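We name chains A, B, ... by the order of the sequence lines, and we start the count at 1 in each one. Note that this is a predicted model, so its numbers are computed, not measured.
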There are 2 protein chains.
Amino acid sequence: MLSKKTKYGLKALTYIARTGDDVPVQVSAIAKSEQIPQKFLEGILLTLRKAGILGSKKGKHGGYYLRSLPSDIKMTDVMRVLEGPIAMVPCVSLNYYEKCDDCPDEHACSVHKLMIEVRDSTLKVFRNKTLGDLSQV
Amino acid sequence: MLSKKTKYGLKALTYIARTGDDVPVQVSAIAKSEQIPQKFLEGILLTLRKAGILGSKKGKHGGYYLRSLPSDIKMTDVMRVLEGPIAMVPCVSLNYYEKCDDCPDEHACSVHKLMIEVRDSTLKVFRNKTLGDLSQV
DNA sequence: GTAATCCCTACTAAATTGATAGGATTAATA
DNA sequence: TATTAATCCTATCAATTTAGTAGGGATTAC
């Protein structure tokens, strides 16, 4: 299941991309338009900023803006920041690999084999999908 | 993240498929070989039986067996039983569709669009992957 | 009749999720 | 310079889910 965090994060990014101007977008505006609890959203945008996807401006007339063109923001990056590893098990994760305690031999493990295929197919989607694609109406 | 339930379930099914005989396989044997807490595994095999994937025989020399040939047991079915809906959000689920409270228009929703693609690509993997494929060494 | 096996229900501890609360910091502007 | 509007940060919390345990009931082979 997709977490609310990810869902809200994607919606917020889309909102910012659609607004499109060079003026920063306020959390309050996004929260209101997308029906997201504002305080919760604050935290989400903060992680996106710390991950380098968003930039921010403090104080009056402050807000958030994209650090790159929407068409340059890949879903792989966004999803990893919001939802964590794309792989469903650590033993097939490219970026967060971890050996299973149980499994003596990964190559003989049926779960491993299956999850590699799922990972690759999901990755293929996220790799050629950008925020630009998402924000197209 | 894949739940332990699913992971254990897949390993157990693979074990049964590999044993391959017509004699039922005991929970204790699977638990020992695959390093799964036996009582936990009992419950998992029970759900697989109730879903019609496994059959069981009670009493001495009882155990679990596959209701179909490994090559006829599709991962779509197994995964739905163990892990639940394949879609990451209910609004793109084929079997468990549910409208989002927030979203006024699904077609305009960026999350919806993205998750349909993820669902389709995952489905493609599960649809042409059977237990037979998994149990190949 | 006894031992081995599946079957069923209830319980529990730990982790995660989805928030909320309260204020600190920063910047524009009247 | 004081005010206001924003982001930033930490702590806390309730509800849910997950992973597992406990205890025994029902069934069957021998």
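Closest heavy-atom contact between Tyr97(A) and Cys91(A): CE1-O, 3.5 Å. Of all heavy-atom pairs spanning Met115(A) and Met79(B), the tightest one is CE-CE, 4.2 Å.
Here dT26(C) is the nucleotide among dA3(C), dC8(C), dT26(C) with the atom lying nearest to any side-chain atom of Lys58(A). Side-chain proximity of Lys50(B) to dA19(C), dT28(D), dC8(C): nearest is dC8(C).
Both Leu66(A) and Ile30(A) belong to a common hydrophobic cluster when Ile, Leu, Val, Met, Phe, Trp and Tyr are linked at side-chain heavy-atom distances under 4.5 angstrom. Val111(B) and Phe40(A) fall within a single hydrophobic cluster, where Ile, Leu, Val, Met, Phe, Trp and Tyr side chains are chained together by heavy-atom contacts under 4.5 Å. Both Leu46(B) and Leu10(B) are members of a single hydrophobic cluster when ILVMFWY side chains are connected at heavy-atom separations under 4.5 Å.
Proximity of Ser3(B) to the phosphate of dT17(D): no side-chain N or O atom is located under 4.0 Å from OP1 or OP2. Regarding contacts with the backbone of dT7(D), every side-chain N or O of Arg49(A) stays at 4.0 angstrom or more from both OP1 and OP2. A close approach under 4.0 Å does not occur between any side-chain nitrogen or oxygen of Ser56(B) and OP1 or OP2 of dT5(C). One finds a side-chain N or O of Lys57(A) lying less than 4.0 angstrom from the OP1 or OP2 phosphate oxygen of dA28(C). Tyr64(B) has no side-chain polar atom (N or O) that falls below the 4.0 Å cut-off from OP1 or OP2 of dT5(C). Between His61(B) and dC30(D) there is a side-chain polar atom (N or O) within less than 4.0 angstrom of OP1 or OP2.
The nearest whole Å value for the distance from the CD1 atom in Ile36(B) to the P atom in dA19(D) is 13 Å. The nearest whole Å value for the distance from the CD atom in Gln35(A) to the P atom in dG18(C) is 17 Å. Atom pair Lys39(B):NZ and dC11(C):C1' shows a separation of 13 Å (rounding to whole Å applied). Rounding to whole angstrom units, NZ of residue Lys4(A) and C1' of dT16(C) are separated by 15 Å. One atom, CG of Leu48(A), and another, P of dT7(D), lie 14 Å apart when rounded to the nearest Å. Between the CZ atom of Phe40(B) and the P atom of dT18(D) there is a distance of 10 Å, given to the nearest Å. One atom, CD of Gln38(B), and another, P of dT21(D), lie 11 Å apart when rounded to the nearest Å. Per the geometry, CG belonging to Leu82(A) stands 15 Å off C1' belonging to dT17(C), to the nearest Å.
Contact annotation: side chain of Glu42(A) to base of dC8(D), donor-acceptor pair present below 3.5 Å.
Here Lys7(B) lies out of heavy-atom contact (under 4.0 Å) with every strand. Residue contacts for Gly63(A): at a heavy-atom cut-off of 4.0 Å it reaches the sugar-phosphate backbone alone, with no base atom in range.
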